[in-house]
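Here's the structure, in structure tokens; my notes come after.
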There are 2 protein chains.
Amino acid sequence: MLSKKCKYAIHALVHMAKQPEEKFLIKDISEKCSIPKKFLEAILLDLNRAGILGSKQGKGGGYFLRRTPSEVNLAEVVRLFDGAIAAVPCATYKFYERCVECVDEEVCSVRDAFLQVRNATVEMLKANTLEDLIKKENKLRMRKKK
Amino acid sequence: MLSKKCKYAIHALVHMAKQPEEKFLIKDISEKCSIPKKFLEAILLDLNRAGILGSKQGKGGGYFLRRTPSEVNLAEVVRLFDGAIAAVPCATYKFYERCVECVDEEVCSVRDAFLQVRNATVEMLKANTLEDLIKKENKLRMRKKK
DNA sequence: TTTAAACTCTATTACATTTATAGAGATAGT
DNA sequence: ACTATCTCTATAAATGTAATAGAGTTTAAA
């Protein structure tokens with residue numbers, strides 16, 4: 001399961017990506033997306049440090065997207081907040097850890113199976129950018145009206 | 001990430017599926033698979049209650065597979081120990097929960113994206129039975145020798 | 001019938017992580 | 001100066017995970 005932090009981050013980003021030129025206040029995003037304000041502060045700060053968002057302090061300030069919505073994908077956001085995408089630590093590159101219960105990792109079929117799942121998942125998440133998500137939402141809305 | 005409980009369960013099952021007719025002692029599985037004995041006790045009990053393993057008490061007793069290795073797949077084991085396979089609670093059937101930050105779920109592209117990931121993952125896990133894992137391990141071992 | 005070998009069950013502990021909040025600090029526009 | 005805004009540190013509360021302890025129950029065999 002994704003952490004709430006990560007899910008909140010994605011929703012906040014999708015919200016912002018609908019008006020990629022705009023500046024957004026923490027307070028407004030918090031209300032529009034039903035995310036606890038103080039919690040959201042920490043989230044936006046992380047996104048800022050990661051280079052996905054930019055910010056301007058002081059009166060008239062706020063947060064804004066530093067990249068176009070097509071340049072931010074779900075894999076990056078999930079990794080930022082929840083770390084490895086793989087279900088087992090021996091099936092990752094950046095977050096690799098050996099499994100104690102594994103006698104010979106090279107020959108471990110459990111690792112192999114979850115590596116397959118991981119690779120497919122990473123591909124799918126990478127293929128879902130903020131732009132894609134907004135397009136998808138519009139399509140779903142069209143379909144619903146009919 | 002899978003819980004250790006779940007990962008231990010899978011390794012224990014794969015171990016047992018190599019001799020599907022045998023009876024296994026907790027102590028032996030614990031040693032062979034490097035799983036803390038007391039923890040493994042609880043795991044095997046869960047697998048017993050779920051109908052995957054059977055047990056015989058008393059002297060000469062032990063645990064054994066109640067089904068053939070081709071009839072136990074990873075999706076079932078993961079669900080048993082870790083619940084939903086989906087990354088968000090709104091993208092599951094059995095473990096469904098609404099997301100507070102979601103204004104209109106029918107039109108939520110985040111849910112849609114993770115539903116796609118979930119469905120693909122479930123298919124892959126279902127396609128990996130204990131039998132498959134053992135065959136795979138043999139293949140990996142062959143490949144290594146060359 | 002006693003003993004020993006097994007699984008069964010309940011309880012509890014220790015630890016880590018997640019979620020959330022409080023409050024003071026820094027910055028910038030008016 | 002004043003106010004709106006993001007920034008930062010600390011911490012509390014809740015939850016969940018991993019692991020262990022110890023007593024209970026069942027069965028085979030001496």
Side-chain angles (χ1 to χ4, degrees), chain A residues 1-12 16 22-31 33-50 52-66 78 80-84 87-89 95 97 99-101, chain B residues 1-12 16 22-31 33-50 52-66 78 80-84 87-89 95 97 99-101:
Chain A
M1 280 279 171
L2 289 188
S3 66
K4 285 200 178 183
K5 203 167 181 176
C6 185
K7 200 170 44 145
Y8 289 160
I10 294 169
H11 278 284
M16 295 175 77
E22 287 295 306
K23 247 182 301 175
F24 294 85
L25 302 184
I26 297 175
K27 186 164 64 76
D28 290 341
I29 301 174
S30 161
E31 284 168 11
C33 299
S34 309
I35 302 170
K37 182 162 167 285
K38 270 293 182 180
F39 201 18
L40 182 61
E41 274 184 25
I43 292 166
L44 298 180
L45 220 43
D46 285 342
L47 288 168
N48 187 345
R49 293 200 186 102
I52 296 174
L53 295 182
S55 71
K56 189 159 180 288
Q57 280 194 321
K59 201 167 184 174
Y63 279 101
F64 52 89
L65 278 173
R66 255 217 270 256
V78 170
L80 177 61
F81 289 97
D82 291 359
V88 287
F95 300 89
E97 252 177 87
C99 295
V100 281
E101 76 278 8
Chain B
M1 281 279 171
L2 288 189
S3 65
K4 285 201 178 183
K5 203 167 183 177
C6 185
K7 200 169 43 145
Y8 288 160
I10 294 169
H11 278 283
M16 294 175 79
E22 287 296 306
K23 248 183 300 174
F24 295 85
L25 302 184
I26 297 176
K27 185 166 64 77
D28 291 341
I29 301 174
S30 160
E31 284 167 11
C33 298
S34 309
I35 302 170
K37 182 161 166 288
K38 270 293 185 181
F39 201 19
L40 181 61
E41 275 185 18
I43 292 167
L44 297 181
L45 220 42
D46 284 344
L47 289 168
N48 187 345
R49 293 201 186 102
I52 296 173
L53 295 183
S55 70
K56 189 160 178 290
Q57 280 195 320
K59 201 167 184 175
Y63 279 101
F64 51 88
L65 278 174
R66 256 219 269 259
V78 171
L80 177 61
F81 288 97
D82 291 359
V88 287
F95 299 90
E97 252 177 88
C99 295
V100 281
E101 76 278 8

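Residue numbering restarts at 1 for every chain, and letters A, B, ... go by the order of the sequence lines.
Using a 4.0 Å cutoff to heavy atoms of chain B, the contacted part of DNA chain C runs 5' to 3' from C:dA5 to C:dC9.
Contacts of B:S34 classified as side chain to side chain donor-acceptor pair (under 3.5 Å), with partners at least two apart in sequence or in another chain: none. Under the rule for a ring pair (Phe, Tyr, Trp, His ring centres under 6.0 Å), A:Y63 has no partner lying at least two apart in sequence or in another chain. Residues passing the ring pair (Phe, Tyr, Trp, His ring centres under 6.0 Å) test with A:F81, sequence neighbours excluded: none. Listed by chain and number, the residues in a ring pair (Phe, Tyr, Trp, His ring centres under 6.0 Å) with A:F39 are A:Y8 (sequence neighbours excluded). Residues meeting the side-chain contact (heavy atoms from CB on, under 4.5 Å) test with A:K27, sequence neighbours left out: A:E31, A:K37. With sequence neighbours excluded, no residue forms a side-chain contact (heavy atoms from CB on, under 4.5 Å) with B:Q57.
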Filtered N/O pairs between nucleotides 7-11 of chain D and protein, under 3.5 Å:
from	atom 1	to	atom 2	distance (Å)
D:dT7	OP1	A:N48	ND2	3.2
D:dT7	OP1	A:S55	OG	2.8
D:dT7	OP2	A:Y63	OH	2.1
D:dT7	O4'	A:Q57	NE2	3.4
D:dC8	OP2	A:R49	NH2	3.0
D:dC8	N4	A:E41	OE1	3.3

Every protein N/O within reach of nucleotides 12-15 of chain D N/O, cut-off under 3.5 Å:
none

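Residues A:C33 and A:M16 are not in side-chain contact: their nearest non-hydrogen atoms beyond the backbone lie 4.5 Å or more apart.
Residue A:Y8 is in sugar-phosphate contact alone, with no base atom involved, counting any heavy-atom pair closer than 4.0 Å across all strands shown. Backbone-only contact: B:K5 has heavy atoms under 4.0 Å from sugar-phosphate atoms and none from a base. Residue contacts for B:F24: at a heavy-atom cut-off of 4.0 Å it reaches the sugar-phosphate backbone alone, with no base atom in range.
Pairing each heavy atom of A:K56 with each of A:F64, the nearest pair is N-CE2, 4.1 Å. Minimum heavy-atom separation, B:P36 to B:S30: C-OG, 4.2 Å.
One atom, NZ of A:K27, and another, C1' of D:dA4, lie 10 Å apart when rounded to the nearest Å. Following rounding to the nearest Å, A:E101 (CD) and D:dA18 (P) show an atom-to-atom distance of 11 Å. Across the protein-nucleic acid pair, B:K23 atom NZ and D:dT27 atom C1' stand 10 Å apart, rounded to whole Å.
Comparing B:G58 and B:D82 along DNA chain D, the residue whose closest nucleotide (by nearest heavy atom) sits nearer the 5' end is B:D82. Place A:P36 and B:G60 on DNA chain C by their nearest nucleotides, and B:G60 ends up nearer the 5' end.
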Can you give the donor-acceptor pairs under 3.5 Å from side chains of residues 40-49 of chain B to other protein atoms, not counting sequence neighbours?
from	atom 1	to	atom 2	distance (Å)
B:E41	OE1	B:K38	NZ	3.4
B:N48	ND2	B:S55	OG	3.0

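In this structure, CD1 on B:I35 lies 11.5 Å from CD1 on B:I26, to the nearest 0.5 angstrom.
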